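Note sheet for the following structure.
Keep in mind that what you see is a predicted model, and the values were worked out from it rather than measured.
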Amino acid sequence: MPACVRIQGLGLLAALFSFSFLVATCFSAPTCQPPSTIQFKLSNCTLLSPDGSKDVYSWGIQMTVSGAGDICAAPSTVVNSTVLATSGLCDDDQLLDANRVNMTRSQCLSRRGGLVDMSKLTIGDTAGLVDLNKGWADLAGFLDGAALATLQLDQDAVSMTELLATRGQLLTQSHLGLAAAAPLLQTLKDTGKIGARSWGLNSGSQSYLSPRSGSLVLGGYDGASRDGGWYDFPVKSQLDGKRYCPLQVEITSMTATVSNSTKALPPRSIVGISDTLNVCIEPYDNLFRIPDERWSRFNDLIEDFTGKSLDPVRIAPTDYDNELYNLEPGTVYPAEFGNFNITLRIIIANGLTVEIPSHEFQRPLRGLDKAGKPTVDTSKNELQIYHYSPGEPQDSPVFGKAFLSQLYLYVDYEAMVFHLAKQNLDVSTPLPVSNVTCDDSSDNGGLSPTAKGLIGVGAVLGLVLFLLVLLGYCFYKQVWRPSRRNHRGAPPSVQPPTPEPSAGGVPGGPGGIPLVAVAGSSPRVQHPEDVSPPHTDGEDEPDHHDPRHPAGHGSPKMEPIISGPKPPAASGTDRYNEL
């Protein structure tokens, strides 16, 4: 096998091995992994009371305050700080609520979503917390206290300063603070537990007919809960100069439709393009909270359908006849008032349209019995709407979980925007998605897809270049160089005829010229002018043309006997043997 072919084969094998190594190195390198997210289930909670003697029933996110007890907290943008309900909230002097309703201690425990034991917390300083939680300070008129506590969040734990609620009736249950400057989000990001100050909420549903659990994702959103594209809104601060609220939208249209199995009225405008309504989206609240003037339009619609006004028959929380405790009273009326269903159609300024079905807006009266267990009173119905008068605390429109039951909410404080999308109501398994991408591989210790692509292209180009150089070398050795030698006149190869023996039995040549035998060949005639010095392999041989025997005439080339010293021997073997 020619040497160049052997070299080419070995070079090709080496090139293929190098190429395979580069590709394997490229694609087996650590891939950038998106930062982690933290996911919670939003659903019914069943806890033990602080003394372990009874069950506590609530709805929200169940979590543990290390060493101090379990709580069921609600996601909230009312506050930045997380607010913990403490054991003092269910002391005897705290059982009369803001509606002048006396609770049992069991009802109080379930209403608050469990209590933490203050004696097991490290009490801290409230310095700076008033400015951080102006909405709460304005609403309550005071801050009770603070403590350094560790929250167990799913499989992660985070330690930070929490607000403590020890008295008052404004706190329904513990708040998981998720406003724009939430220490929880910043701490989780700083410790690498999430990649960004963001969160996504599927509020689920507390409907009587179609209840379903929800979810909260910190550091991203739930890709399975979204059905359709995002609608984007800027994060703000105060709503109409009153309530602190980062999530605000402008309602350009809100219509209500009343119907039953036999008749229906045309949709009635509650909010129109000429009198739009700026509202706060607050996941801590359940109800639609609207001004008195907007409520009057609802009441007129109901009266047109039933022939009677709802206002005179409304039932106040103090007038419930079965000692049921209503956690967040809406508009309660007797079930015999009339058979009707109300649906809402809401349009937001950027075109997002939301349909609120009747089972989310109406339901039988639900609350806590004397033992603190959930119960339903089917003799009364409740509209998920509350109307306020000017001058009430933080008298601003609020759309709560009844509104969010049809929408998925995703908040990104890094970009100071929030997004709404139609909610996938059939989601069974959440799919948490981090909103931090892998574009910068240096931050994650791996190769980005772009870097991998460039390495692969470089490896291919390197292989092609190597093979081209190898082919060029073989072309030079096998084709170009021999062609150059022949062009300069290399002597033709002539096979001499077999000489006849001389008279003496020794081969001889014509004219008495002696013959010599060259090792490994027949004797040849040797002429003095044919002698040439030996040459080295690889050098061009000089042209030798005997004028007496022109090339191409079949005459043998003879080598004469030379007197004197022998010519130099070829490597290791005598080139001439005299006869």
Side-chain angles (χ1 to χ4, degrees), residues 45-63 65 67-74 76 78-79 81-124 126 129-130 133 135-147 149 162-177 284-287 316-320 322-329 366-375 386 392-394:
C45 304
T46 302
L47 317 168
L48 282 177
S49 61
D51 59 8
S53 62
K54 59 186 69 178
D55 288 337
V56 174
Y57 303 91
S58 188
W59 197 92
I61 299 169
Q62 186 168 338
M63 60 184 63
V65 181
D70 293 338
I71 59 172
C72 191
S76 170
V78 174
V79 288
S81 298
T82 293
V83 183
L84 303 179
T86 65
S87 49
L89 285 172
C90 287
D91 289 345
D92 291 343
D93 62 346
Q94 298 294 315
L95 296 180
L96 184 66
D97 76 358
N99 292 313
R100 312 307 298 171
V101 175
N102 275 310
M103 297 176 282
T104 66
R105 177 171 170 79
S106 295
Q107 287 174 327
C108 181
L109 288 172
S110 292
R111 176 200 179 195
R112 307 292 191 178
L115 303 172
V116 297
D117 188 347
M118 277 188 62
S119 66
K120 297 181 179 179
L121 296 175
T122 302
I123 303 303
T126 59
L129 295 181
V130 172
N133 301 281
W136 180 253
D138 292 348
L139 183 63
F142 58 89
L143 290 179
D144 295 334
E162 324 281 2
L163 281 177
L164 301 178
T166 62
R167 56 197 170 101
Q169 299 301 322
L170 295 176
L171 183 83
T172 301
Q173 66 185 113
S174 296
H175 292 243
L176 188 67
Y284 183 79
D285 285 326
N286 290 322
L287 309 176
T318 53
D319 296 332
Y320 301 160
N322 55 2
E323 296 185 309
L324 175 146
Y325 184 78
N326 192 348
L327 294 169
E328 191 173 346
R366 185 169 62 185
L368 301 171
D369 65 15
K370 295 180 66 174
K373 296 180 180 180
T375 188
Y386 173 86
E392 291 187 18
Q394 295 194 341

With distance as the sole criterion, is a donor-acceptor pair present between the side chains of S81 and N133 under 3.5 Å?
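Yes, side-chain donor-acceptor contact under 3.5 Å.
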Indicate whether any N or O donor in one side chain lies under 3.5 Å from an N or O acceptor in the other, for D97 and Y325.
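Distance-only check passes for D97 and Y325.
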Considering all heavy atoms, the nearest [X]-[Y] contact:
X	Y	value
L89	G168	CD2-O, 3.8 Å
A149	V65	CB-CG1, 4.0 Å
A146	L129	CB-CD1, 3.6 Å
G113	S58	CA-OG, 3.6 Å
A85	S174	N-OG, 3.0 Å

With a 4.5 Å cut-off on side-chain heavy atoms, are [Y] and [X] touching?
X	Y	answer
L109	C90	yes
N99	N326	no
M63	I71	yes
I123	L164	yes

Does anything in residues 82-93 form a side-chain hydrogen bond (donor to acceptor under 3.5 Å, both in side chains)? List the pairs, not counting sequence neighbours.
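Residue pairs with at least one partner in residues 82-93: there are none.
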Sequence neighbours excluded, which residues qualify as side-chain contact (heavy atoms from CB on, under 4.5 Å) partners of N102?
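side-chain contact (heavy atoms from CB on, under 4.5 Å) check on N102 returns L96.
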Going by the rule side-chain contact (heavy atoms from CB on, under 4.5 Å), which residues pair with D70 if we only count those two or more places apart in sequence or in a different chain?
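By the side-chain contact (heavy atoms from CB on, under 4.5 Å) rule, D70 matches L47, T64.
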Got a donor-acceptor contact below 3.5 angstrom from the [X] side chain to the [Y] backbone?
X	Y	result
S110	G372	yes
Q94	G88	no
T104	Q107	yes

Measure the spacing between [atom1] of [X] and [atom2] of [Y] and express it to the nearest 0.5 Å.
X	Y	atom1	atom2	answer
Y57	D369	OH	CG	9.0 Å
R100	T318	CZ	OG1	10.5 Å
L171	R111	CG	CZ	8.0 Å
T375	L368	OG1	CG	9.0 Å
L327	R366	CG	CZ	9.0 Å
D55	S106	CG	OG	10.0 Å

Can you list the steps and then say if M118 with L84 is a side chain to side chain contact (heavy atoms under 4.5 Å, CB included)?
CA-CA 10 Å; M118 277 188 62; L84 303 179; over 6 Å; no
Determine, step by step, whether V79 and Y284 satisfy the side chain to side chain contact (heavy atoms under 4.5 Å, CB included) criterion, reporting the C-alpha distance in whole Å, the side-chain angles of both residues, the deciding distance to 0.1 Å, and the verdict.
CA-CA 10 Å; V79 288; Y284 183 79; over 6 Å; no
